[in-house]
Amino acid sequence: MQGLTLRQLRYFEAVAACGHFGRAADMCAISQPAISVQIRELEETLGTPLFERGARQIRLTAFGEVFAGRVREILRAVDDLGDLARSSRGALVGKLRIGIIPTVAPYLLPRIIGNLALSHGDLDVNVRETQTDRLIADLLEGRLDTAIVALPVSEPELTEVPLFEEDFVLVRSVAEGDLPVPKPSSLSEMRLLLLEEGHCFRDQALAFCGMRSTLPRESMDGSSLSTLVQMVSTGLGVTLIPEMAVDVETRSAEVSVSRFPPPRPSRTIGMIWRRTSPLTEQLTGISEVVRQSALAQRERLAAG
C-alpha cells in the first residue's frame with residue numbers, strides 16, 4: 001500500500017496505547033494537532049477509521065484492533081533491525097530504553113545512571129518506572145530494551161539474569177522497637193500495611209506471611225514504600241520494606257527497623273530482555289554495571 005510511513009505507524013501506536021491524542025502527543029514530543037493530522041491521513045490512506053472518537057475518550061475500532069497488532073509486529077521488526085546495526089558496532093551507543101520497578105528505582109537508579117555515564121559515555125539512557133506486568137508488556141512489544149525487576153517473571157520469550165538478592169526488614173513504630181520480632185504467621189494477625197495490588201513486592205510480602213492476596217478488612221494499602229513507612233510512624237500498623245530502601249525511607253520517619261531471624265524473607269533482583277534481542281551481548285555488559293552498582297550501594301550502607 002502506497003503512502004504509509006513509519007512515523008504514522010509510531011504515532012498510531014502511541015495513540016492506541018494512551019487512548020488519548022493529547023497524551024500521545026506528549027509521548028511523541030509533538031503537538032496534538034500535528035498527531036491528529038497524521039492519524040487522519042493514515043485513516044484516509046487505509047480507507048477506514050482506526051478510532052472511535054468520543055467526547056472524553058477514544059477507542060480502537062474493530063479494524064483498528066487488528067491493525068494495532070500488525071503495527072506492533074512491524075515496529076518491533078524495525079527496532080530489531082536498528083538493534084542489529086547497533087550490536088555490530090560493538091560497544092552499546094545511542095538510546096537505551098530501560099524499565100525499572102518502583103521498589104528499586106528511587107534507591108538504586110541514581111547510582112546505576114552515574115556508573116553508566118562513566119562506563120558508557122555515549123549512551124542516552126531513557127528510563128520508564130512502572131510495575132512488572134507493564135514492563136514485561138513493553139519489552140515484548142519492543143518499547144523497552146531491558147528492565148530491572150524482581151525475579152522470576154517466568155515469561156518464555158524473555159531472558160532472566162539474576163543480579164543480587166536482598167532481605168526484607170520489618171518496620172514498626174518506635175514504641176514497638178524493643179518487642180520481639182514476630183513470627184511470619186503472626187504478621188497476618190496485625191495491621192499489615194502493604195503496597196496496592198499490582199506490585200510484585202506486595203505478593204512477595206504476602207507469601208512470606210502465608211497470607212492470601214485478599215486481605216482482611218483492617219489491612220491497608222499504600223501507593224509507595226514512602227507512604228507505608230510514614231503510616232507506620234503514626235502508629236497505624238507495621239510493614240515490610242526491602243533492605244535497600246531503609247536508609248532513604250526511615251530518614252524522616254520515627255520508626256524502628258528489625259531484621260527477621262533466618263530464613264529471612266528476601267527477593268532476587270535481575271535484568272530481563274527479549275531472547276531474540278540482537279543486543280544480548282551488550283545488555284549482559286549493562287547487567288554487570290547494575291550488579292556492581294548494587295554491590296557498591298550495599299557496601300556504602302553497611303559502612304554507615
Side-chain angles (χ1 to χ4, degrees), residues 1 4-21 23-30 35 38-39 42 46 50-51 60 63-102 105 109 112 116 120 122-161 200 270-287 290:
M1 178 177 289
L4 293 181
T5 68
L6 281 175
R7 177 180 297 178
Q8 288 175 333
L9 297 185
R10 292 197 187 279
Y11 289 166
F12 165 77
E13 184 186 44
V15 176
C18 295
H20 190 276
F21 279 99
R23 288 192 291 271
D26 290 340
M27 178 187 297
C28 297
I30 63 171
I35 201 170
Q38 291 291 325
I39 296 301
L42 177 60
L46 295 169
L50 295 167
F51 296 99
L60 289 166
F63 173 76
E65 292 279 2
V66 176
F67 187 72
R70 298 299 297 273
V71 166
R72 280 193 294 270
E73 293 174 6
I74 292 168
L75 293 180
R76 177 170 168 177
V78 170
D79 289 339
D80 282 348
L81 285 174
D83 289 343
L84 183 62
R86 293 167 69 197
S87 67
S88 69
R89 298 196 293 268
L92 188 58
V93 297
K95 183 182 293 185
L96 175 67
R97 303 166 300 170
I98 184 169
I100 188 167
I101 54 176
L109 188 58
I112 293 173
L116 284 176
H120 296 72
D122 294 327
L123 205 57
D124 176 18
V125 181
N126 288 213
V127 178
R128 171 162 165 73
E129 178 188 339
T130 190
Q131 297 173 6
T132 302
D133 287 348
R134 295 177 186 174
L135 294 177
I136 291 174
D138 284 348
L139 271 173
L140 294 176
E141 293 174 8
R143 289 192 287 266
L144 288 174
D145 298 310
T146 185
I148 300 171
V149 299
L151 300 180
V153 296
S154 302
E155 170 53 58
E157 294 187 44
L158 298 178
T159 294
E160 299 184 13
V161 178
C200 58
M271 273 180 57
I272 56 176
W273 57 80
R274 295 185 300 280
R275 290 187 181 276
T276 57
S277 174
L279 298 176
T280 292
E281 181 178 348
Q282 288 82 356
L283 292 174
T284 300
I286 295 293
S287 73
V290 176

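Remember, it's a predicted structure, so these values are computed and weren't measured experimentally.
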*Asks:* Report the distance from atom CD1 of I100 to atom CD of E129, rounding to the nearest 0.5 Å.
*Replies:* 7.5 Å
*Asks:* Any side-chain heavy-atom pair from E13 and R72 closer than 4.5 angstrom?
*Replies:* yes
*Asks:* Who pairs with R76 by side chain to side chain contact (heavy atoms under 4.5 Å, CB included), at least two apart in sequence or on another chain?
*Replies:* D80, E157, R274, T276
*Asks:* Quick one: pull up CE in M271 and CG in D145 and give me the separation to the nearest 0.5 Å.
*Replies:* 9.5 Å
*Asks:* Only counting residues at least two apart or in another chain, list the ones meeting side chain to side chain contact (heavy atoms under 4.5 Å, CB included) with V125.
*Replies:* I98, I113, L116, L123, V127
*Asks:* Listed by chain and number, what are the side-chain hydrogen bond (donor to acceptor under 3.5 Å, both in side chains) partners of R10, not counting sequence neighbours?
*Replies:* D79
*Asks:* So, using side chain to side chain contact (heavy atoms under 4.5 Å, CB included) as the criterion, who are the partners of Q131 when residues are at least two apart?
*Replies:* H199
*Asks:* Less than 4.5 Å apart, side chain to side chain, heavy atoms only: is that true for L50 and L42?
*Replies:* yes
*Asks:* For a side chain to side chain contact (heavy atoms under 4.5 Å, CB included) with I148, tell me which candidate from I101, I112, L135 qualifies.
*Replies:* I112
*Asks:* Would you name the heavy atoms of I35 and I30 that are closest together and state the gap between them?
*Replies:* CB-CD1, 3.5 Å
*Asks:* With sequence neighbours excluded, what pairs up with F12 under the ring-ring contact (aromatic ring centres under 6.0 Å, His included) test?
*Replies:* F51, F67
*Asks:* Output all residues satisfying side chain to side chain contact (heavy atoms under 4.5 Å, CB included) with E65, sequence neighbours left out; order by chain, then residue number.
*Replies:* L60
*Asks:* Could you tell me which residues satisfy side-chain hydrogen bond (donor to acceptor under 3.5 Å, both in side chains) with R23, sequence neighbours excluded, listed by chain and number?
*Replies:* none
*Asks:* Nearest heavy-atom pair of S287 and T284: which atoms, and what distance?
*Replies:* OG-O, 2.5 Å
*Asks:* Tell me, please, which residues at least two apart from E73 pass salt bridge (Lys or Arg N to Asp or Glu O under 4.0 Å).
*Replies:* R70
*Asks:* Write down the atom of I39, the atom of Q8, and the distance for their closest heavy-atom approach.
*Replies:* CD1-O, 4.5 Å
*Asks:* Within a 6.0 Å radius of atom CD on E155, are there more than 12 heavy atoms belonging to other residues, nucleotides or ligands?
*Replies:* yes
*Asks:* Drop me the distance from T159's OG1 to L283's CG, to the nearest 0.5 angstrom.
*Replies:* 9.5 Å
*Asks:* Looking only at heavy atoms, which two atoms of W273 and T146 are closest? And how far apart?
*Replies:* CE3-OG1, 3.7 Å
*Asks:* Side-chain contact test, heavy atoms from C-beta onward, threshold under 4.5 Å: evaluate it for C200 versus V149 and give yes or no.
*Replies:* no
*Asks:* Between K95 and D124, does at least one N-O distance fall below 4.0 Å, as a salt bridge requires?
*Replies:* no
*Asks:* Is the closest side-chain heavy-atom distance between L151 and V161 below 4.5 Å?
*Replies:* no
*Asks:* Holding to salt bridge (Lys or Arg N to Asp or Glu O under 4.0 Å), I want the full list of residues that pass it with R7, two or more places apart in sequence or in another chain.
*Replies:* none
